[in-house]
Colleague: 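Pasting a structure below so you can have a look.
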Amino acid sequence: MGAQLVGTAATHRRVHGTAVAIGLALGVFSVLADGVLRWRALTTLGNIISPWVVVAFVAGRVARSPRAGGWAGLQALAVGVVSYYVLQGLRFTSGDAPYSLLHATHLVWLVAAVVVGPAVGAAGGASARLRPPMLAVVGPAAILTAEAMYLVMDRQPWRWNLSKEPHRLADIGVFLALLGLALSLPALLTEDRGRRRRAYGALAICATAGAIGIRLLYRTITAVA
């Protein structure tokens, strides 16, 4: 019994330590992408929600159960939001306009982290089962696919002239990376071919609805910014 309790405590420390570590990494990454390193692909990734979804999913996957995964996902994203805005505050301490940690946009992202973190973290924890529920397989993949679809609609690549705008290739790289990761999840998490086909069918439907939802989310964030 004593060894079991020690093992459980060690597992909890590992899960929470991982959640905090990747949350801090996410916050630092977001700061670097927000004008510190001016790489187009990095800037794009730093201003979309997909990296946050991936972090919450990984935190939940490490926890290996839906309940623990939900807490781990919440912790990772909350740490990510707080560390990002604290680092931004330190970055902009000088200047005429004081930097406020209580801006409405910051609160929107914190609320989003509280909602998205547990949901995606729980999906990550459930995905560690031998036969994960369909929602755990389709949900995170649908968010990534939806964001790729949204970016395509927003950037309108059919209007590009790549010979004059070669920097647009970075955008194409982001589209393909999101889509490739999303499409790989059902294949990696589902061994049964029938369930895999159903997962891809559900993914197509959910991603379309998700793209509309992401568009509304960004409009809301822009409105309160």
Side-chain angles (χ1 to χ4, degrees), residues 22 26 44-74 76-77 80-81 108-158 171-222:
I22 61 179
L26 179 63
T44 299
L45 288 171
N47 288 277
I48 60 178
I49 65 173
S50 289
W52 298 75
V53 170
V54 170
V55 164
F57 186 84
V58 170
R61 178 84 179 184
V62 171
R64 302 191 68 80
S65 79
R67 183 176 180 180
W71 282 107
L74 169 61
L77 294 201
V81 171
V108 169
W109 280 113
L110 186 58
V111 170
V114 170
V115 173
V116 174
V120 179
S127 73
R129 294 176 175 174
L130 292 177
R131 187 179 174 86
M134 189 65 70
L135 183 60
V137 175
V138 173
I143 296 174
L144 299 179
T145 305
E147 186 137 61
M149 293 169 63
Y150 166 79
L151 288 174
V152 169
M153 292 185 295
D154 183 64
R155 305 294 169 87
Q156 300 180 348
W158 53 88
D171 292 334
I172 295 177
V174 173
F175 301 158
L176 295 178
L178 292 178
L179 191 59
L181 179 57
L183 294 179
S184 69
L185 285 178
L188 292 173
L189 300 177
T190 307
E191 296 182 358
D192 181 80
R193 291 184 178 180
R195 293 190 82 231
R196 190 179 299 171
R197 285 194 296 269
R198 291 193 295 273
Y200 281 118
L203 173 59
I205 297 171
C206 294
T208 302
I212 298 173
I214 289 173
R215 188 177 185 86
L216 293 175
L217 173 63
Y218 283 138
R219 282 185 175 181
T220 301
I221 293 172
T222 302

Colleague: Nearest 0.5 Å, please: how far is CZ in Arg197 from CG in Asp192?
Modeller: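 Atom-to-atom, Asp192:CG and Arg197:CZ are 8.0 Å apart.
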
Colleague: What donor-acceptor contacts under 3.5 angstrom involve side-chain atoms of residues 132-148, with partners at least two apart or in another chain?
Modeller:
{"from": "Thr145", "atom 1": "OG1", "to": "Ala141", "atom 2": "O", "distance (Å)": "2.8"}
{"from": "Glu147", "atom 1": "OE1", "to": "Ile49", "atom 2": "N", "distance (Å)": "3.0"}
{"from": "Glu147", "atom 1": "OE1", "to": "Ser50", "atom 2": "N", "distance (Å)": "2.7"}
{"from": "Glu147", "atom 1": "OE1", "to": "Ser50", "atom 2": "OG", "distance (Å)": "2.7"}
{"from": "Glu147", "atom 1": "OE2", "to": "Ile49", "atom 2": "N", "distance (Å)": "3.3"}
{"from": "Glu147", "atom 1": "OE2", "to": "Tyr218", "atom 2": "OH", "distance (Å)": "2.5"}

Colleague: Using the side-chain hydrogen bond (donor to acceptor under 3.5 Å, both in side chains) criterion, which residues pair with Arg64? Sequence neighbours excluded.
Modeller: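 Checked Arg64 against side-chain hydrogen bond (donor to acceptor under 3.5 Å, both in side chains); zero matches.
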
Colleague: Quick check: closest heavy atoms across Leu77 and Ala113, and the distance to 0.1 Å?
Modeller: CB-CB, 3.7 Å

Colleague: I'd like a table of donor-acceptor pairs (distance under 3.5 Å, sequence neighbours excluded) in which one partner is a side-chain atom from residues 198-215, with atom names and distances.
Modeller:
{"from": "Tyr200", "atom 1": "OH", "to": "Leu183", "atom 2": "O", "distance (Å)": "2.5"}
{"from": "Thr208", "atom 1": "OG1", "to": "Ala204", "atom 2": "O", "distance (Å)": "2.9"}

Colleague: Scan for side chain to side chain donor-acceptor pair (under 3.5 Å) pairs involving residues 115-139, sequence neighbours excluded, and state none if there are none.
Modeller: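 Checked against side chain to side chain donor-acceptor pair (under 3.5 Å) - neighbours excluded - the pairs reaching residues 115-139 are Arg61-Ser127.
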
Colleague: Verify, without hydrogens or angle tests, whether Ser184 (side chain) and Leu181 (backbone) share a donor-acceptor contact under 3.5 angstrom.
Modeller: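 The answer is yes, because a donor-acceptor pair under 3.5 Å joins these two groups.
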
Colleague: So which atom in Thr190 and which in Arg196 form the shortest heavy-atom distance, rounded to 0.1 Å?
Modeller: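 What the structure gives for the nearest pair is O-NH2, 2.6 Å.
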
Colleague: Are Arg155 and Thr44 packed together at the side-chain level, in the sense that at least one heavy-atom pair is separated by less than 4.5 angstrom?
Modeller: yes

Colleague: Starting at CG of Leu178, measure out to OH of Tyr150 and round the result to the nearest 0.5 Å.
Modeller: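 The OH atom of Tyr150 is 13.0 Å from CG of Leu178, to the nearest 0.5 Å.
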
Colleague: Any non-hydrogen side-chain atom of Leu26 less than 4.5 Å from a side-chain atom of Trp52?
Modeller: yes

Colleague: How would you list, by chain and number, every residue that makes a side-chain contact (heavy atoms from CB on, under 4.5 Å) with Glu191, sequence neighbours excluded?
Modeller: none

Colleague: Is Leu151 close to Asp171 at the side-chain level, that is, under 4.5 Å between some pair of heavy atoms?
Modeller: no

Colleague: Can you pull out every side chain to side chain donor-acceptor pair (under 3.5 Å) where at least one residue sits in residues 132-142? Sequence neighbours excluded, please.
Modeller: none

Colleague: Using a 4.5 Å cut-off on heavy atoms from C-beta on, say whether the side chain of Val54 contacts that of Phe57.
Modeller: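 No, their side chains stay 4.5 Å or more apart.
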
